Visitor: 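I have a structure I would like to understand better, so I am pasting it below and will then ask my questions one at a time.
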There are 2 protein chains.
Amino acid sequence: MNYERLFAFTAFADPMNFTRAARQLHISQPALHVQVRKLAEEVGRPLYRRSGKSLVLTAEGKALAAFGREVQDRGRSVLEEVRGQSSTGPVTVASGEGAFLYLLGPAIRRFPKERWPLRLLTASGPETVEAIRESRAHLGVVGAAGAPQDLAATPLRTIGQKVLLPPGHRLARRRKLRPADLSADRLVVAPAGRPHRAMLDQLFRSAGCALQVAVEASGWELMIHFARLGVGIAVVNDFCPVPRGMVGVRLMGAPDVTYYLVERDGIAGPGVKAMRQLIVDTVRAG
Amino acid sequence: MNYERLFAFTAFADPMNFTRAARQLHISQPALHVQVRKLAEEVGRPLYRRSGKSLVLTAEGKALAAFGREVQDRGRSVLEEVRGQSSTGPVTVASGEGAFLYLLGPAIRRFPKERWPLRLLTASGPETVEAIRESRAHLGVVGAAGAPQDLAATPLRTIGQKVLLPPGHRLARRRKLRPADLSADRLVVAPAGRPHRAMLDQLFRSAGCALQVAVEASGWELMIHFARLGVGIAVVNDFCPVPRGMVGVRLMGAPDVTYYLVERDGIAGPGVKAMRQLIVDTVRAG
DNA sequence: CTACAGGTATAACCAACGACGATAGCCACT
DNA sequence: AGTGGCTATCGTCGTTGGTTATACCTGTAG
């Protein structure tokens, strides 16, 4: 296998667009196209396929792109080590949902970004796992139903749910609440299909009471915002800070969701190791 | 970094000889030499150095050669996976001393060699560790003072020492022996410098008695052979079978030596995983 | 339906890299 | 001093990969 072609292909696989990838590589579009075609011939399988207007990678293409990224990443780090330079390769962290906002803040703040540039990749849970598996990110943080066999996953923190209420609300003085207590209220919830919404639906159904939707909002920030405006009361992860002028009450019966740090097993550079340690320490401490 | 040059260099790094390596690669010696020179220029460090007649790798050269081997190994396996062929890359096991003879026999016998060719690399303890670190072998088995930080080591079995005696010997009926019991006898031992010999020297010194050498032999097989010939009595690892017509008596006071399976952390192919499991199972069982 | 926009794929041409044979240099051994 | 085995460099030539020009596809807008 010709590795220059492999790297050309990985460069293409990121934007899935020959023209833009070629610009990135400072070569012409035909040159890049030929490289990829020859790689596919070498491998003996198509690496991508048309889907209407755009192109999508085949399974083989994904595997090769992942391998290429991995080799380049390791290669840069080996080269820096050999040259005696301190490692300087960027560290990429992917994360779903609110983890960036509420879990990873301290780690990101304290990470020495002048030594290793930090790249953040915001994605949903499955997308995060995919980014790790395809070597597009070094570390990922996902909640609950995340990590499969081939990725190393270390539990970070287990988190419950709480209800955000205005101070004058009839339930605001309670120490804890159950789903049945909320059946009279209209709630601010995530849109259908999102895992948090699915969890709530399931919770109310098994408690035998109806969930009344005030408004659907995507993202914790937005949900909290609507709750502050008095549109409805919100059920959010325990890691969300209770905004000024509201009260938070523990919601019982909701399944605790565990956040995991996922990573590819393999040889991590010093920057990745540092970030890994920082995330584990700060999240477990906080 | 140009990877074709890197692979040319790894091919050279194995025999440390341009002429032979070039023949192996089916290119001319000057062609290979230029590749390596250009790689060194690219990296900015010398990759090897003359030492009298022969050439030796610098630290940088070793690191690059290790990386190159690793990439080629993974690359082959990825390619086979992508092509849908079952993995067929050879599995290399390195081991020191008697482990091949007495510990790994069952694993080697039961390993499906028709699926994955098996390559065995006989080496001393430190050489085994070096072979793993330089990606020249996938798995290694070493006794005791083996595995440092950067390699994953799993304990396999802890083994004591025993004394091989002719049946008529005055100590042959004893259940166990101490170094002092042997001070009147002449022993078959490993040559000076070998770890087993160092261990015995240390043992007798701390017991305050002298060790009398009958003959020095390298290798368990040879030591046992001389013991059978009646040249002297031998102290050997517990895993050596007691030969027909002799008796083995446990030697107390000798430090138990633990055998470890060492490997590079990283992504192992299916063949390596199978061998790993086989070694762990058979050695722990036996 | 036609024209257009954005991107993919192929062709013809040219520069650069890499392989080769020849050969000089180095080192150990006889 | 001479020889064998190997490393290192040079000039030459073919293959590979890059470039521009251009045809082709697919969805969108007039």
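Just so you know, these numbers come straight off a predicted model, no measurement behind them. To find a chain, count down the sequence lines: A is the first, B the second, and so on, and within it residues start at 1.
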Visitor: C:dA16 P sits how many Å from B:Lys38 NZ, rounded?
Guide: 13 Å
Visitor: Between atom CZ in B:Arg49 and atom P in C:dC27, what is the gap in whole Å?
Guide: 15 Å
Visitor: Has B:Lys273 got more than 12 heavy atoms of other residues, nucleotides or ligands less than 6.0 Å from its NZ?
Guide: no
Visitor: Generate the contact string for nucleotides 5-11 of chain C. Rules: B means base contact, S means sugar-phosphate contact only, - means no protein heavy atom under 4.0 Å.
Guide: --SBBB-
Visitor: In whole Å, what is the span from the CG atom of B:Asn2 to the C1' atom of C:dC17?
Guide: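 About 10 Å, once rounded to whole Å.
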Visitor: What is the distance, to the nearest angstrom, from the CG atom on A:Leu32 to the C1' atom on D:dT16?
Guide: 16 Å
Visitor: What is the distance from CD of B:Gln35 to P of C:dC20, rounded to the nearest Å?
Guide: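 Interatomic distance, CD of B:Gln35 to P of C:dC20: 10 Å.
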Visitor: Can you name the salt bridge (Lys or Arg N to Asp or Glu O under 4.0 Å) partners of A:Asp201, sequence neighbours left out?
Guide: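 Partners of A:Asp201 under the salt bridge (Lys or Arg N to Asp or Glu O under 4.0 Å) test: A:Arg197.
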Visitor: Would you please indicate yes or no on a ring centroid separation below 6.0 angstrom for A:Phe67 and A:Phe9?
Guide: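 Not close enough - the centres of the two rings lie 6.0 Å or further apart.
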Visitor: Quick one: are A:Val189 and A:Arg194 in side-chain contact, heavy atoms under 4.5 Å?
Guide: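 With C-beta onward as the side chain, the pair stays apart.
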Visitor: Tell me whether B:Gln24 at atom CD has more than 12 heavy atoms from other residues, nucleotides or ligands lying less than 6.0 Å away.
Guide: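 Atom CD in B:Gln24 is not crowded, with 12 or fewer foreign heavy atoms closer than 6.0 Å.
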Visitor: Between A:Arg5 and D:dT16, does any side-chain N or O lie under 4.0 Å from OP1 or OP2?
Guide: no
Visitor: Establish, yes or no, whether a centroid distance under 6.0 Å links the rings of A:Phe7 and A:Phe12.
Guide: no
Visitor: Does B:Ala31 reach a base, just sugar-phosphate, or nothing at all? Heavy atoms under 4.0 Å.
Guide: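 The answer is sugar-phosphate, as B:Ala31 gets under 4.0 Å only of primed atoms, P, OP1 or OP2.
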Visitor: How many whole angstroms separate atom CG of B:Leu25 from atom P of C:dC20?
Guide: 10 Å
